[in-house]
Amino acid sequence: MRTDEFDAFGPWIDDVTTVEGTPRLFRSFAIDFTETLLVLKVPRNIARRDATPDMNLYDQLIVVTAETLTVLTRAEDVYGVRAAPHGEVLALQDTVHLLDGRLVVHLTSGPSVAISYNGAARDTITRLVTLLRRLAVPATSDSASATAPAAPEPTAPATQLSATSRSRPIEQILRDKRDHGLRSDCVQALRSDPGTTVVAGHSTTLVRPSAGPLAALSHRLHPAFVQGAVVLGDTGGETSVLHRRDWIARGRADDLSHGRTTIFAGRATTVATTEHPVYPAASVVNITSGAGAVQFVVPMGSPTGDALENGRTTTAPAA
């Protein structure tokens with residue numbers, strides 16, 4: 001027998017506003033829809049032709065209130081629950097490579113929460129990330145409580161000009177031709193967040209392994225690169241890094257990926273930089289707080305690593 005859930009199934013991520021619209025697996029979880037800011041259902045990664053009405057067709061249910069992020073995750077015919085106050089979010093890392101999307105919520109209170117999604121639904125995930133960013137920032141400032149964010153205002157021409165002006169260092173930072181997509185991501189981010197400025201960054205950089213002659217030969221045929229990245233900062237308590245999905249890539253496949261990691265700097269308790277175990281010209285920057293940790297790989301001695309290690313969020317480096 002066909003069901004409404006089966007008829008509506010597809011790769012998109014839908015809003016849920018009623019109990020009837022909740023996937024049947026998750027209906028036993030009580031949701032007060034008068035208190036929610038956003039509820040999303042994330043479909044399984046299967047083709048429509050492989051779905052049947054008797055299957056549980058949704059892998060996750062995401063529930064956002066003014067105080068808490070809750071993620072319900074399917075495990076066969078049951079589900080697990082992870083709930084955390086917005087003040088426990090250390091970082092949000094959203095990456096997409098073609099249709100393979102992945103959002104990771106790094107928490108100070110325990111293991112991270114991963115949400116896999118079809119890249120066709122990235123606009124919905126971006127809406128979720130924007131909401132979580134706005135809810136997280138008051139928890140790191142003197143604001144007494146978080147409120148429902150207002151809808152973004154349309155971008156005015158003056159803001160577009162401002163974004164163009166603020167993006168001028170981008171072409172000087174992202175000089176490699178492989179960085180074209182990152183430059184576009186940067187301009188879009190500056191348009192979306194008028195209070196954001198370019199802090200630091202680095203272009204795609206060739207690196208070589210410290211291993212023996214076979215590895216050297218392999219890398220001569222198939223070289224490795226630290227992918228380009230740009231650090232964006234604002235005065236609201238967050239730092240963003242625009243990057244590729246893979247920090248180090250061999251070949252060009254990852255040039256089609258896009259990523260943004262937002263760190264709520266006021267929650268970071270430790271920032272440590274170590275040498276990369278394979279590529280001595282690269283550094284690994286680890287930012288941790290409690291059980292949460294987020295990692296970046298940058299060229300050794302780069303302005304990107306300096307900005308992350310020192311928590312710099314407002315001063316752009318000289319060209």
Side-chain angles (χ1 to χ4, degrees), residues 86-87 89-95 105-106 108 126 129-143 149 152 155 159-175 179 182-203 226-244 247 258-273 283 285-289 292-299 301-319:
H86 298 300
V89 177
L90 171 64
L92 301 167
Q93 187 169 68
D94 179 33
T95 62
V105 182
H106 296 272
T108 62
T126 298
V129 169
T130 299
L131 175 62
L132 294 177
R133 287 170 57 199
R134 294 180 183 178
L135 291 167
V137 169
T140 64
S141 67
D142 295 330
S143 301
T155 303
T159 300
Q160 293 177 359
L161 291 174
S162 176
T164 303
S165 175
R166 286 179 288 124
S167 67
R168 283 174 186 161
I170 297 301
E171 294 181 356
Q172 299 163 8
I173 293 171
L174 299 173
R175 300 181 303 274
D179 298 329
L182 279 175
R183 289 194 292 269
S184 298
D185 290 346
C186 240
V187 172
Q188 182 58 46
L190 292 169
R191 284 200 180 114
S192 301
D193 300 316
T196 298
T197 57
V198 176
V199 175
H202 64 269
S203 187
V226 176
Q227 302 276 51
V230 172
V231 181
L232 304 178
D234 66 13
T235 57
E238 68 173 42
T239 300
S240 287
V241 182
L242 301 181
H243 54 85
R244 304 294 192 185
W247 297 107
H258 306 267
R260 179 169 182 166
T261 299
T262 300
I263 313 155
F264 302 102
R267 298 187 190 128
T269 55
T270 304
V271 181
T273 301
S283 298
V285 181
N286 288 284
I287 299 176
T288 60
S289 179
V294 61
Q295 187 177 92
F296 304 88
V297 179
V298 301
S302 68
T304 311
D306 177 64
L308 291 171
E309 188 169 3
N310 295 298
R312 189 152 48 83
T313 60
T314 56
T315 304

Any side-chain heavy atom of Val285 within less than 4.5 Å of one from Val298?
-> yes
Taking all atoms of both residues into account, what is the closest heavy-atom pair of [X] and [Y], and its distance?
X	Y	result
Arg183	Leu174	NH1-O, 2.6 Å
Thr261	Ala91	CG2-CB, 4.5 Å
Gly301	Ser283	N-OG, 4.5 Å

Euclidean distance, [Y] [atom2] relative to [X] [atom1], rounded to 0.5 Å:
X	Y	atom1	atom2	result
Leu232	Thr197	CG	OG1	7.5 Å
Leu90	Thr262	CG	OG1	11.0 Å
Ile173	Glu171	CD1	CD	11.0 Å
Leu308	Ile263	CG	CD1	5.5 Å
Leu131	Thr126	CG	OG1	12.5 Å

Excluding sequence neighbours, so at least two apart, what forms salt bridge (Lys or Arg N to Asp or Glu O under 4.0 Å) with Arg260?
-> Asp193
If only atom types and distance count, is the side chain of [X] paired as donor or acceptor with the main-chain N or O of [Y] below 3.5 Å?
X	Y	answer
Thr304	His202	yes
Thr269	Thr288	yes
Ser203	Arg175	yes

